[in-house]
Amino acid sequence: GAVVSQHPSWVICKSGTSVKIECRSLDFQATTMFWYRQFPKQSLMLMATSNEGSKATYEQGVEKDKFLINHASLTLSTLTVTSAHPEDSSFYICSATLAGDSYNEQFFGPGTRLTVL
Amino acid sequence: KQEVTQIPAALSVPEGENLVLNCSFTDSAIYNLQWFRQDPGKGLTSLLLIQSSQREQTSGRLNASLDKSSGRSTLYIAASQPGDSATYLCAVLPHNAGNMLTFGGGTRLMVKP
């Protein structure tokens with residue numbers, strides 16, 4: 001149980017285009033989802049916290065107009081990278097917590113590798 | 001602000017060795033601590049979760065300990081195998097942080113056959 005999927009697993013796009021990444025909790029309801037980015041040989045950096053039915057909370061330095069997050073249901077959150085540029089190339093990982101889980105354990109998706117040409 | 005540090009940053013050992021990975025955190029007011037494994041180009045696999053009230057957790061050849069007062073956790077891997085080669089990340093969940101994990105920089109482990 002507690003499986004999180006991401007789609008696509010990798011994407012290559014031209015500079016200036018927008019890319020949407022989906023994060024789904026497959027077998028549980030997730031009231032909260034998190035979006036991270038990871039540069040090569042670095043650890044994960046939290047970008048934003050996404051709560052179902054409300055606006056996402058962005059970390060300092062993350063442009064909310066560039067990284068649009070939508071958490072429309074208890075099983076789906078999307079991250080849209082708008083007007084992508086080469087510096088946005090990174091590994092994007094989402095995670096989710098189970099609704100009502102007292103352990104507050106986060107379950108991570110397999111990640112999406114974005115390459116902007 | 002919570003800071004998490006992992007030492008060493010990289011480790012190479014021959015197969016069969018027992019090894020210890022270290023994680024330290026600056027603020028002891030944590031809710032839990034998790035150890036993850038990440039293979040190159042892949043997402044995170046949760047290995048062990050230790051609640052703040054617990055001292056250790058075990059899963060197979062893995063044992064994680066937590067000393068909250070001193071801000072330390074260790075991941076012990078017994079009888080290491082080449083398949084254990086990966087990056088190991090620890091992350092703490094502070095109290096009142098809205099479920100926001102703080103990650104360490106990771107330890108890249110290479111187990112040589």
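Given the structure is predicted, the values throughout are model-derived calculations rather than measurements. Naming: A, B, ... by sequence-line order, numbering from 1 per chain.
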Not counting sequence neighbours, which residues clear salt bridge (Lys or Arg N to Asp or Glu O under 4.0 Å) with [X]? List them please.
X: B:Asp67; answer: none
X: A:Lys20; answer: none
X: A:Arg24; answer: A:Glu22

For [X], does the [atom1] atom have more than 12 heavy-atom neighbours from other residues, nucleotides or ligands under 6.0 Å away?
X: B:Arg55; atom1: CZ; result: no
X: A:His7; atom1: NE2; result: no
X: A:Lys66; atom1: NZ; result: yes
X: B:Arg37; atom1: CZ; result: yes

query = So which bits of residues 103-113 of chain B come within less than 4.5 Å of chain A, counting non-hydrogen atoms only?
reply = B:Phe103, B:Gly104, B:Gly105
task = Please assess A:Phe108 against B:Thr45 for the test side-chain contact (heavy atoms from CB on, under 4.5 Å), listing each intermediate value before the final yes or no.
result = CA-CA 7 Å; A:Phe108 285 79; B:Thr45 300; over 6 Å; no
request  = Mind checking the CD-CD spacing from B:Gln38 to A:Gln38? Nearest 0.5 Å is all I need.
outcome  =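 B:Gln38 CD to A:Gln38 CD: 4.0 Å, rounded to 0.5 Å.
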inquiry  = Would you compute the distance between atom OG of A:Ser43 and atom CZ of B:Phe36 and round it to the nearest 0.5 angstrom?
reply    = 10.0 Å
Contacting moiety of B:Gln6, where chain A heavy atoms sit under 4.5 Å =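 For B:Gln6, there is no contact with chain A at all, as no heavy atom is under 4.5 Å.
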ask   = So which heavy atom on A:Glu105 is nearest to which on B:Ser46, and how close?
value =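 That would be OE2-OG, 3.3 Å.
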Could you state whether [X] and [Y] fall into the same hydrophobic cluster, counting links through intermediate Ile, Leu, Val, Met, Phe, Trp or Tyr residues with side-chain heavy atoms under 4.5 angstrom apart?
X: B:Leu75; Y: B:Leu101; answer: no
X: A:Tyr58; Y: A:Trp35; answer: yes
X: B:Tyr31; Y: B:Leu89; answer: yes

ask   = Contact part of A:Leu44 toward chain B, heavy-atom cut-off under 4.5 Å: side chain, backbone, both or neither?
value = both
Kindly indicate whether the side chain of [X], heavy atoms from C-beta on, has any atom under 4.5 Å from the side chain of [Y].
X: A:Phe91; Y: B:Lys42; answer: no
X: A:Phe107; Y: B:Leu44; answer: no
X: A:Gln106; Y: B:Asn32; answer: no

